[in-house]
Amino acid sequence: MNERRGIWRVGTESTWTTVLPVAFIIVSLLSLVALPLAVANRTSRMRDEITRVAEPARRSANQIQMDLTAEVDKIIAFQVTGQTQYRDEFLRLVRQQEENRKALQQLAPQLNEELDDELAALFRHAAMWHDGITRSDLLAQQLPGEVFQTRLFEQHPAFDKALGAAAELQVSLQTGIEQRLQQIRSTERWSVSLTIILTMLALTSAMLVAGLGRRMRLLAGEATRRRHDAEREASEAVNARAAAEREERRAAFLAVAGQELAASLDFDQTLATLARLLVPNLGEVCVIDLAEEDGTLRRAAAAHRDPAMAAKMERLLGETPAEVPETLILILQAREARLASGAELYEYAVGEPDGAGRAFAILPLVSRGRTLGVVIVGTSEGKLLGAADLTLFTDVVRRAALSIDNARLYLESQQAVRAREEVLAIVSHDLRNPLNAVMLASSFMESSATLAAEDREQMETISVSANRMKRLIADLLDVTRLEGGKRLPIEPERIDAESLLREAHELFKAQAAASSVELKFGAEGIVPPIFADRHRVMQVLSNLIGNSMKFTPTGGVISFRAEGRAEDVLFTVADTGPGIPAANLGDIFSPYWQAKRTERMGAGLGLPIAKGIVEAHGGTITVESEQGKGTRFYFTLPVDRNASPRELTSVAGSRERH
């Protein structure tokens with residue numbers, strides 16, 4: 001009875017171990033059929049939604065942004081030429097925006113209800129921009145240049161907001177499209193993962209069925225395999241020790257090569273160092289050919305173990321090889337290092353017909369995706385090269401390509417700096433003579449009593465533009481001096497600090513009134529006289545206050561003041577503008593740098609020149625800014641050491657009271 005129960009138990013266990021894997025296989029196969037159909041149906045609906053709704057909405061938003069950008073050009077064209085076709089084109093763009101708005105109002109809710117607010121913001125700002133253009137008569141008639149520029153500048157914030165709203169809407173639509181695409185990809189990845197899992201389950205079940213018969217055969221061969229493994233491991237240990245020694249020597253050579261190649265930024269010296277590293281350490285002969293702009297090769301460096309052959313090869317430096325082997329051309333086109341052989345390669349490298357039995361490594365010099373040239377390394381006669389040799393050559397040449405590219409870029413940068421300085425010097429010198437003639441002629445014509453009012457206005461414009469060109473030339477020369485490591489020339493004298501503030505106020509009060517900006521100035525306590533160049537200090541104040549005028553919105557405040565201290569006078573220029581992002585604070589004193597929102601509003605020279613002027617006086621200039629709360633510039637100038645003790649004592653006492 002017990003024996004029968006044992007037989008029944010064994011039979012039952014055998015049945016279950018067979019039935020369960022088969023059931024797993026059937027379920028997995030059915031799932032593999034149904035899963036792709038369900039996933040395909042879901043992804044098809046999502047792609048249809050992108051094609052039918054999201055993409056047309058994005059195109060409409062993009063067209064609105066393009067139309068807004070084109071409107072400014074049409075206004076300017078109408079004001080400059082007076083041709084009504086530009087005004088009609090502006091109105092057509094407005095109508096086209098209205099059509100796109102209707103299309104977006106129908107499509108946007110189907111994507112995301114939150115887009116309604118962005119769409120409303122876009123057309124609210126666009127309506128304010130269009131109303132402002134209509135109220136400013138910019139489309140009704142041609143206006144004088146200064147009036148046109150002023151009115152267009154007044155409407156520019158509304159245009160910026162409309163353009164920004166269009167960009168934000170387009171970004172939101174694109175984000176919605178990308179989210180749906182991400183959902184599609186996630187669904188497809190999920191389907192692939194589940195398919196893999198089901199497949200693995202099916203395979204596992206099949207393997208369980210087949211593994212019962214295979215297990216005994218594996219046990220029989222396990223002892224033999226272990227013996228073979230032990231023998232192989234012993235052999236691999238010997239080979240690993242030898243490989244480790246080779247790798248150590250290789251790493252040491254690469255470290256030395258990297259140090260020598262990076263030791264100099266001289267272009268020719270870097271090429272010579274590469275040739276010296278390859279010969280005699282790795283090969284018998286080496287040539288380096290650089291690629292010219294027209295695609296030809298020029299021999300730049302050569303080396304040979306034999307000094308006599310090296311001297312012959314040096315005579316070919318700077319020349320263009322008459323005939324390039326086809327093998328070399330194919331390797332350069334593929335940009336892959338390869339091994340080759342042949343007498344034509346030796347003759348190409350050395351210039352003499354020989355080389356039977358020699359092996360060559362041809363290594364393109366590639367850096368930043370650009371082919372700089374090619375390195376050809378040949379071995380002694382009868383010596384072969386293998387994959388390990390090619391890897392070592394490739395590592396050396398890859399480091400060399402980076403060093404050669406750096407040397408080339410350094411050489412080009414030095415040449416560019418010299419060329420820029422020469423151009424600035426020539427332009428500033430050659431422009432001054434005709435510019436002085438223009439200024440003299442305009443001044444003479446303005447003094448004429450017979451000059452008509454309209455002509456006098458044009459002459460004033462010419463005079464203002466000429467003076468601005470003269471200041472720009474002076475700024476360019478100042479920046480050139482600063483970049484050359486020189487201090488700006490100054491002629492210091494005793495100056496009343498408060499008189500500088502009053503002069504700056506007189507200079508900018510008309511502009512501030514036109515921009516509806518409040519201008520404040522004053523001195524804190526008793527300020528002693530300073531010892532400085534009046535013209536240069538006014539240049540600093542003008543640059544700082546002028547920058548504040550660019551950024552301070554209507555109704556804002558610009559203040560500048562002076563405070564006497566023990567050793568110097570601290571000047572402060574503050575505004576209530578939008579502030580400077582913290583990421584840009586380190587760039588504002590760099591020549592030619594401008595924030596994106598100030599493009600075409602200057603040459604980017606004012607702040608670096610102001611810094612150079614302050615430092616030429618022995619002072620310092622710093623900036624503090626918080627976005628949304630404004631910007632504050634501080635700079636110091638030395639106190640006049642010849643000031644009376646009473647003045648200095650008054651300053652010290654005033655400071656203690658504060």
Side-chain angles (χ1 to χ4, degrees), residues 238-258 260-261 270-291 297 299-307 309-310 312-313 316 321 323-367 371-404:
V238 175
N239 295 333
R241 184 168 58 253
E245 293 175 353
R246 289 195 303 270
E247 183 63 26
E248 184 178 358
R249 291 193 298 270
R250 175 179 177 274
F253 177 77
L254 289 176
V256 173
E260 294 195 16
L261 289 170
T270 303
L271 293 173
T273 300
L274 174 60
R276 178 172 53 80
L277 286 169
L278 295 175
V279 176
N281 295 314
L282 302 180
E284 183 182 47
V285 59
C286 170
V287 293
I288 303 174
D289 292 346
L290 296 182
L297 295 175
R299 185 63 48 85
H304 200 286
R305 282 184 180 176
D306 185 355
M309 293 298 299
K312 292 181 181 179
M313 294 173 64
L316 301 176
E323 185 175 353
V324 181
E326 184 178 357
T327 303
L328 183 59
I329 296 175
L330 294 176
I331 293 175
L332 278 173
Q333 291 175 348
R335 292 185 177 181
E336 293 181 357
R338 295 182 186 175
L339 300 176
S341 61
E344 70 279 1
L345 287 174
Y346 185 86
E347 183 175 0
Y348 173 81
V350 180
E352 294 185 359
D354 193 0
R358 296 180 188 270
F360 289 89
I362 303 177
L363 310 143
L365 283 166
V366 179
S367 179
T371 301
L372 305 178
V374 63
V375 179
I376 304 174
V377 183
T379 65
S380 57
E381 187 173 349
K383 182 179 179 180
L384 300 179
L385 294 174
D389 299 313
L390 183 62
T391 301
L392 179 57
F393 285 138
T394 302
D395 289 341
V396 174
V397 170
R398 183 168 58 248
R399 288 168 170 79
L402 180 60
S403 297
I404 292 171

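Atom set for the values below is all heavy atoms of this structure, side chains included, hydrogens, waters and symmetry mates excluded. The model shown is predicted, which means the values in this text are computed figures rather than measured ones.
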(message) Do L278 and V396 have side chains that approach each other closer than 4.5 Å (heavy atoms only, starting at C-beta)?
(response) yes
(message) Could you measure the distance from the CD atom of E326 to the CD atom of E323? Nearest 0.5 Å is fine.
(response) 10.5 Å
(request) Spell out, as yes or no, whether a donor-acceptor pair under 3.5 Å connects the side chain of R338 to the backbone of L328. (result) no
(request) Would you sort out whether L384 and L339 count as a side-chain contact (heavy atoms from CB on, under 4.5 Å), showing the intermediate values? (result) CA-CA 10 Å; L384 300 179; L339 300 176; over 6 Å; no
(request) Locate the shortest heavy-atom distance separating L261 from T270; write the atom from each residue and the value. (result) CD2-O, 4.1 Å
(request) Verify the distance criterion only: is there a donor paired with an acceptor across the side chains of T371 and R335 at less than 3.5 Å? (result) yes
(message) Any heavy-atom pair between the side chains of L365 and I288 that's under 4.5 Å?
(response) yes
(message) Quick check: closest heavy atoms across V397 and P364, and the distance to 0.1 Å?
(response) CG1-O, 3.9 Å
(message) Any non-hydrogen side-chain atom of V374 less than 4.5 Å from a side-chain atom of I331?
(response) no
(request) Search all heavy atoms of K383 against all heavy atoms of A359 and return the closest pair with its distance. (result) O-CB, 3.8 Å
(message) Could you check whether any side-chain heavy atom of E260 comes within less than 4.5 Å of a side-chain heavy atom of V256, counting everything from C-beta outward?
(response) yes
(request) Check whether any side-chain heavy atom of F393 lies under 4.5 Å from a side-chain heavy atom of L385, and answer yes or no. (result) yes
(request) Would you please name every residue forming a side-chain hydrogen bond (donor to acceptor under 3.5 Å, both in side chains) with S367, sequence neighbours left out? (result) D405
(message) I need the R399 CZ to T394 OG1 distance, nearest 0.5 Å.
(response) 11.0 Å
(request) Please round to the nearest 0.5 Å and tell me the distance separating atom CG of L274 and atom OG of S403. (result) 9.0 Å
(request) Would you mind reporting whether V285 and V350 have side-chain heavy atoms less than 4.5 Å apart? (result) yes
(request) Ignoring hydrogens and angles, tell me if any N or O in the side chain of D389 forms a donor-acceptor pair with the backbone of G386 under 3.5 Å. (result) yes
(request) Would you mind checking if E284 and R358 are paired as a salt bridge, meaning a charged N to carboxylate O distance below 4.0 Å? (result) yes
(request) Look up atom OG in S380 and atom CZ in R305, then write down how far apart they are to the nearest 0.5 Å. (result) 6.0 Å
(request) Mind listing the closest non-hydrogen atom pair of G373 and L332 along with its distance? (result) O-CD2, 3.8 Å
(message) Could you tell me if the side chain of L345 sits less than 4.5 Å from the side chain of I362, heavy atoms only?
(response) yes
(request) Mind listing the closest non-hydrogen atom pair of S341 and F360 along with its distance? (result) CA-CD1, 4.4 Å
(request) Answer yes or no on whether R299 is positioned over the face of Y348, meaning its NZ or CZ is under 6.0 Å from the six-membered ring centre and within 45° of the axis. (result) yes
(message) So which atom in L390 and which in A337 form the shortest heavy-atom distance, rounded to 0.1 Å?
(response) CD2-O, 3.7 Å
(message) Is the shortest side-chain heavy-atom distance between H304 and K312 below 4.5 Å?
(response) no
